[in-house]
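Each remark here refers to the structure printed beneath this line.
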Amino acid sequence: MRYWLMKTEPSACSIDDVLAMPNQTVPWWGVRNYQARNFMRDQMKVGDGVLFYHSSCAEPGVVGLAEVAKLAYPDETQFDRNSPYFDAKASRENPRWLHVDVRVTTKTRLIGIGELRVHPELARMRVLQIGNRLSITPVDPTEWQFVIKRLLGVKT
DNA sequence: GCCAACGTTGGC
DNA sequence: GCCAACGTTGGC
């Protein structure tokens, strides 16, 4: 079991949007970065823990907990000529972009990026590094535990 | 809106 | 395969 941080722009798909969906589950469409795709395709397993992160917005930060709900499968938007995520080089026989399903389990308080930066225990998190643009990044178990127990006060 | 950082593209 | 130019990300 691994842990991940997954960014989304709330203007495109916020945690409230996901909570309003059936089973609070969303296909993680629109990833067009190979490293992020490879994480989903090669490493994510059902049940992996996810920090749900809002980016490019007024209050960037972790806003909820989620889990991987389905193994990677082709992203439909790559086949849709009307989608901004359309990829002419992808075909159904040879899809280029895969994604997992993500199910939100808990909407938490906002842990803003500023608060995340305060804690030395989290200083190595990829999302806090300058210039980081990767939308999906691995989270160490120790970092996950710190966020869950120390910042959110979840009892285990 | 600025701009640093970094991924991708494409000419060679 | 190199690498300059370009486009995008995303915090501030």
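All chains are named by letter (A, B, ...) in the order of the sequence lines, taking the proteins before the strands, and each is independently numbered beginning at 1. Here the structure is a predicted model, which means the values were calculated and not measured.
- When rounded to the nearest whole Å, the span between CD of Gln35(A) and P of dT8(B) equals 9 Å.
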Please list each protein N or O that sits under 3.5 Å from an N or O in nucleotides 9-12 of chain C, with the distance.
residue: dG10(C); atom: OP1; partner: Lys7(A); partner atom: NZ; Å: 2.6
residue: dG10(C); atom: OP1; partner: Arg133(A); partner atom: O; Å: 3.0
residue: dG11(C); atom: OP1; partner: Tyr53(A); partner atom: OH; Å: 3.1
residue: dG11(C); atom: OP2; partner: Ser56(A); partner atom: N; Å: 3.0

Let me have DNA chain B in dot-bracket notation, would you? Count Watson-Crick plus G-U wobble pairs, both distances under 3.5 Å, and use [ ] for pairs crossing earlier ones and | for inter-strand partners.
||||||||||||
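- For the pair Glu76(A) and Arg92(A), the salt-bridge criterion is met [side-chain N within less than 4.0 Å of a carboxylate O].
- Residues passing the salt bridge (Lys or Arg N to Asp or Glu O under 4.0 Å) test with Arg117(A): none are found, sequence neighbours excluded.
- Between Asp75(A) and Arg32(A) there is a salt bridge, since at least one side-chain N of the basic residue sits less than 4.0 Å from a carboxylate O of the acidic one.
- Between Trp4(A) and Phe39(A), the angle of the ring planes lies from 30° to 60°, which puts this pair in the tilted group.
- To the nearest angstrom, C1' of dG7(B) lies 14 Å from CZ of Arg37(A).
- Cation-pi geometry between Lys70(A) and Tyr73(A) is met: under 6.0 angstrom from the ring centre, within 45 degrees of the axis.
- Across the protein-nucleic acid pair, Leu128(A) atom CG and dA4(B) atom C1' stand 17 Å apart, rounded to whole Å.
- Salt bridge absent: Glu143(A) and Arg150(A) never bring a charged side-chain N and a carboxylate O closer than 4.0 Å.
- With no hydrogens or angles considered, a side-chain donor-acceptor pair links Gln43(A) and Arg2(A) at under 3.5 Å.
- Of the residues listed (Phe86(A), Trp28(A), Tyr34(A), Phe79(A)), the one engaging Trp97(A) in a ring pair (Phe, Tyr, Trp, His ring centres under 6.0 Å) is Tyr34(A), and it is the only one.
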